[in-house]
Amino acid sequence: MNLAQFPRRGYVKEPTPIEFLPSFSKALGGKVNIYMKRDDLLPGTGGGNKTRKLDFSIADALAKGCDTIITCGAVQSNHARLTLAWAVKEGLDCHLVLEQRVAHSYNPAASGNNFLYQLLGVKSITVVDGGSNMAEEMQKVADKLAAQGKKPYIVPGGASNPVGALGYVQCGQETMQQMFEMGLNFDHIIVPSGSAGTHAGFLLGMLGCNMNIPISGIGVNRKKPVQEEAVYTLAQQTADYIGAKIDIPREAVVAYDDYVGPGYSLPTDAMCEAVIMLARTESILLDPVYSGKAMSGLIDLVRKDHFKPGSNILFLHTGGSPALYAYLDTFRKDVHF
């Protein structure tokens with residue numbers, strides 16, 4: 001698929017590493033060989049997967065002559081942090097609309113990403129109730145700024161539209177090349193699945209390369225049928241946007257909803273176990289909302305013998321560790337430490 005036809009800023013300078021996790025694999029009984037694609041090491045303040053998407057999204061904004069970026073997310077949104085960070089780098093204003101998906105959860109004095117929003121000099125933060133129409137809320141901010149003479153560009157939550165998803169189409173192509181160069185074949189790939197752009201783009205990238213490797217998303221917010229429909233729709237929209245004649249097979253879209261727990265961003269014991277296990281076996285930090293819950297899903301699938309013995313499993317680490325610092329009380333409970 002020809003991604004060179006689309007503008008991008010070049011934020012991703014080189015492939016992120018694929019690392020074998022020997023101690024973690026051993027801690028899970030040595031049944032399978034677990035590898036990690038380290039997108040937590042992408043450039044940007046604190047790193048994370050949204051840098052790949054914003055590479056295309058912000059390029060699109062600049063190509064349209066925009067001078068202001070507006071985006072949305074939860075109150076501890078990694079996407080909001082990275083969108084703000086790259087806007088600062090480009091000399092663009094950035095305004096955030098934050099959704100209290102958990103009632104009364106916004107605390108302007110909180111640590112984690114909330115602190116980084118302030119440190120990076122966010123122009124404004126608008127806080128709305130959970131369940132708000134985020135597109136409408138961002139448009140309100142855009143209309144206000146336009147009336148002041150600004151030219152705003154709205155990046156949807158997670159940069160999960162066909163423009164942003166191009167970043168993970170590229171990641172799929174990148175992963176294929178790394179496998180070739182490393183002489184390594186994967187039997188299954190696990191990705192976090194939230195706003196759907198990462199999952200949809202990566203799936204499309206691998207399908208476009210005829211890799212024929214099962215890809216499973218571990219959902220962090222929605223029920224399985226809703227999430228799978230979101231991923232399928234965005235993957236097909238992205239293929240059409242590229243001009244690729246690809247029909248996404250419905251059966252290729254798999255998203256589990258067993259590991260969300262009581263709700264989006266709400267901690268689970270399994271997430272805490274996953275975060276602590278990775279830290280203590282491989283010195284790798286996961287985040288409590290996306291990669292932590294996704295890894296708890298991988299751990300459970302290994303323990304249930306979902307994968308054939310000796311399989312090579314690749315886990316896509318989407319980053320987000322700055323959010324850990326907003327969950328200190330969760331991890332300092334006696335049950336965990």
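Bear in mind the structure is a predicted one, so any value in this text is a computation, not a measurement. Side chains included, hydrogens not; waters and symmetry mates left out as well; all remaining heavy atoms used.
Partners of E282 under the salt bridge (Lys or Arg N to Asp or Glu O under 4.0 Å) rule, at least two apart in sequence or in another chain, do not exist in this structure. Contacts of K140 classified as salt bridge (Lys or Arg N to Asp or Glu O under 4.0 Å), with partners at least two apart in sequence or in another chain: E137. For the salt bridge (Lys or Arg N to Asp or Glu O under 4.0 Å) test, residues two or more places apart in sequence or in another chain that qualify with K304 are D300. For N114, the side chain to side chain donor-acceptor pair (under 3.5 Å) test picks out Q76, with sequence neighbours left out. The salt bridge (Lys or Arg N to Asp or Glu O under 4.0 Å) test applied to D258 returns no partner, not counting sequence neighbours. With sequence neighbours left out, the side chain to side chain contact (heavy atoms under 4.5 Å, CB included) criterion links C66 to A61, K64, K151, Y153. For Q139, the side chain to side chain donor-acceptor pair (under 3.5 Å) partners two or more places apart in sequence, or in a different chain, are D143. Taking the side chain to side chain donor-acceptor pair (under 3.5 Å) definition, one finds that Q177 meets it with E181, sequence neighbours left out.
Note on I69 and L54: same hydrophobic cluster, where clusters join Ile, Leu, Val, Met, Phe, Trp and Tyr whose side-chain heavy atoms are under 4.5 Å apart, directly or indirectly. In the hydrophobic clustering of this structure, I125 does not group with V97; members are Ile, Leu, Val, Met, Phe, Trp, Tyr whose side-chain heavy atoms approach within less than 4.5 Å, directly or through other members.
Looking at heavy atoms from C-beta onward, Y168 lies in side-chain contact with L316 at the 4.5 angstrom threshold. Looking at heavy atoms from C-beta onward, V231 lies in side-chain contact with Q227 at the 4.5 angstrom threshold. Under the 4.5 Å side-chain criterion, counting only non-hydrogen atoms from C-beta, I190 is not in contact with M295.
Ring centroids of Y35 and F186 are separated by less than 6.0 Å, placing the two rings close together. Ring centroids of Y325 and F115 are separated by 6.0 Å or more, keeping the two rings apart.
Contact between V122 and C94 at its shortest, heavy atoms only, is CG2-O, 3.6 Å. Contact detail for Y117 and A80: the closest heavy-atom pair is OH-CB, 3.7 Å. Considering all non-hydrogen atoms of both residues, G261 and T268 come closest at CA-CG2, 3.7 Å. When all heavy atoms are compared, the tightest approach of M36 to L286 is CE-CD2, 4.4 Å. Across all non-hydrogen atoms, the minimal contact from M134 to C72 is CE-CB, 3.6 Å. When all heavy atoms of I284 and H317 are compared, the pair lying nearest together is CG2-CD2, 3.7 Å.
Among pairs with a residue in residues 250-283, those fulfilling ring-ring contact (aromatic ring centres under 6.0 Å, His included) read Y264-Y290, at least two apart in sequence or across chains. Counting only residues at least two apart or on different chains, the salt bridge (charged side-chain N to carboxylate O under 4.0 Å, His left out) pairs with a member in residues 6-27 are R8-D55, R9-E90, E19-R38. The ring-ring contact (aromatic ring centres under 6.0 Å, His included) analysis of residues 78-109, with sequence neighbours excluded, yields the pairs Y11-W86.
Under 4.0 Å is where a charged nitrogen must lie from a carboxylate oxygen, and between R250 and E229 at least one such pair does.
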Using atom types as modelled, flag every donor-acceptor pair under 3.5 Å from a side chain in residues 199-218 to any protein atom, sequence neighbours excluded.
unit_1: H199; atom_1: ND1; unit_2: S193; atom_2: OG; d: 2.9
unit_1: N212; atom_1: ND2; unit_2: N210; atom_2: O; d: 3.3
unit_1: S216; atom_1: OG; unit_2: H188; atom_2: NE2; d: 2.7

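Neither side chain, D187 nor N312, offers a donor N or O lying under 3.5 Å from an acceptor on the other. Between the side chains of D39 and T16, a donor-acceptor pair is found at a separation under 3.5 Å. Using modelled atom types, one finds a donor on one side chain and an acceptor on the other under 3.5 Å when comparing N78 with N113.
Residue K31 qualifies as enclosed at atom NZ: its count of foreign heavy atoms under 6.0 Å is above 12.
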